[in-house]
Amino acid sequence: MSAVRGLVAAALPADVDPLGYTPREQANIDLILRLRSVPVAERRTFMRPGMRHHRWGFASLADISGMKDGRGYDAHSISDRVDTIEDVIAKDDRVWAVWTLRGTHTGRLFGIPATHRRLEVLECGVWRIEEGLVAEAWFFGDELSLLRQLGAPITAELLGIEVDGASR
């Protein structure tokens, strides 16, 4: 696969075969591959009632925009979104994956109006599976790359960085 494959598999101990999964681990991988293959609006069917997001993919953008808990993004934000899985591993009830999000910015995204620009952003996620459904999840997206692709001005103030003792 891609060079990203080495990033995820490298996290495993040297004596662990990343392709030697138990039937449960393989079922968990298959669940996540199915979940990532459907449109955002259809993903709830793979989640347990009360499923807990510990961290959304673009959490810093959510903090900056005030649009937390998934409110900054919906199915219209990147309406032709396709996720390409670059790598996936599993252990017990956890699945880790790295994927590339591709699509066109067609609707409001964390307060940024549609730019109709093509996007390609690397993301990763961790899921805990319970009784064949996602019970918990953590997501991490390359927010700086996303902002650059959207043409958003990237300032120290936007990023919450103090420069010479003062926020700019």
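Leu31 and Trp138 fall within a single hydrophobic cluster, where Ile, Leu, Val, Met, Phe, Trp and Tyr side chains are chained together by heavy-atom contacts under 4.5 Å. Tracing side-chain contacts under 4.5 Å through hydrophobic residues (I, L, V, M, F, W, Y), one reaches Leu33 starting from Phe139; they form part of the same cluster.
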* To do: With side-chain contact (heavy atoms from CB on, under 4.5 Å) as the test, would you mind laying out the steps for Phe46 and Arg34 before giving the verdict?
  => CA-CA 9 Å; Phe46 296 90; Arg34 286 192 315 275; 3.7 Å; yes
* Could you walk me through whether Leu146 and Leu119 pass the side-chain contact (heavy atoms from CB on, under 4.5 Å) check? -> CA-CA 7 Å; Leu146 176 62; Leu119 303 174; 3.9 Å; yes
* Asked: Between Ser145 and Gln149, does a side-chain hydrogen bond (donor to acceptor under 3.5 Å, both in side chains) hold up when you go through it step by step?
  -> CA-CA 6 Å; Ser145 173; Gln149 293 176 55; 2.8 Å; yes
* Determine, step by step, whether Thr100 and Glu86 satisfy the side-chain hydrogen bond (donor to acceptor under 3.5 Å, both in side chains) criterion, reporting the C-alpha distance in whole Å, the side-chain angles of both residues, the deciding distance to 0.1 Å, and the verdict. => CA-CA 7 Å; Thr100 303; Glu86 306 294 349; 2.6 Å; yes
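Looking only at atom types and distance, the side chain of Thr84 has a donor-acceptor partner in the side chain of Arg102 under 3.5 Å away.
Using modelled atom types, no side-chain atom of Arg48 and backbone atom of Met51 make a donor-acceptor pair closer than 3.5 Å. Of the possible donor and acceptor atoms, one in the side chain of Arg43 sits under 3.5 Å from a partner among the backbone N and O of Val38. Without hydrogens or angle criteria, Glu25 side chain to Asp93 main chain gives no donor-acceptor distance under 3.5 Å. With Thr115 contributing its side chain and Arg117 its backbone, the two residues share a donor-acceptor pair below 3.5 Å. A donor-acceptor pair is defined here as one N or O able to donate and one able to accept, closer than 3.5 Å; such a pair exists between the side chain of His105 and the backbone of Gly107. Side-chain N or O atoms of Thr106 include one that pairs as donor or acceptor with a backbone N or O of Ser79 at under 3.5 Å. At least one donor-acceptor pair under 3.5 Å links the side chain of Asp80 to the backbone N or O of Thr104.
Here the CD-NE2 distance, from Glu136 to His53, works out to 11.0 Å after rounding to the nearest 0.5 Å. Remark: Asp92 CG to Arg24 CZ distance equals 6.0 Å, nearest 0.5 Å. Note that CG of Leu109 and CG of Leu147 are 9.0 Å apart. Values are rounded to the nearest 0.5 Å. The distance from atom CD1 of Ile32 to atom CH2 of Trp96, rounded to the nearest 0.5 Å, is 11.5 Å. For the atom pair CZ (Phe140) and CG (Leu122), the distance works out to 13.0 Å, reported to the nearest 0.5 Å. Rounded to the nearest 0.5 angstrom, Ile89 CD1 and Tyr21 OH are separated by 6.0 Å.
A salt bridge is defined here as a Lys NZ or Arg NE, NH1 or NH2 lying under 4.0 Å from an Asp or Glu carboxylate O, and Arg81 with Asp83 meets this definition. Taking the charged nitrogens against the carboxylate oxygens, Glu42 and Arg44 have no contact shorter than 4.0 Å, which rules out a salt bridge.
In the displayed structure, Arg148 atom CZ is contacted under 6.0 Å by at most 12 heavy atoms of other residues, nucleotides or ligands.
Annotation: cation-pi pair Arg36/Trp99 present, NZ/CZ under 6.0 Å from the ring centroid and within 45° of its normal.
Contact detail for Cys124 and Val98: the closest heavy-atom pair is CB-CG2, 4.1 Å.
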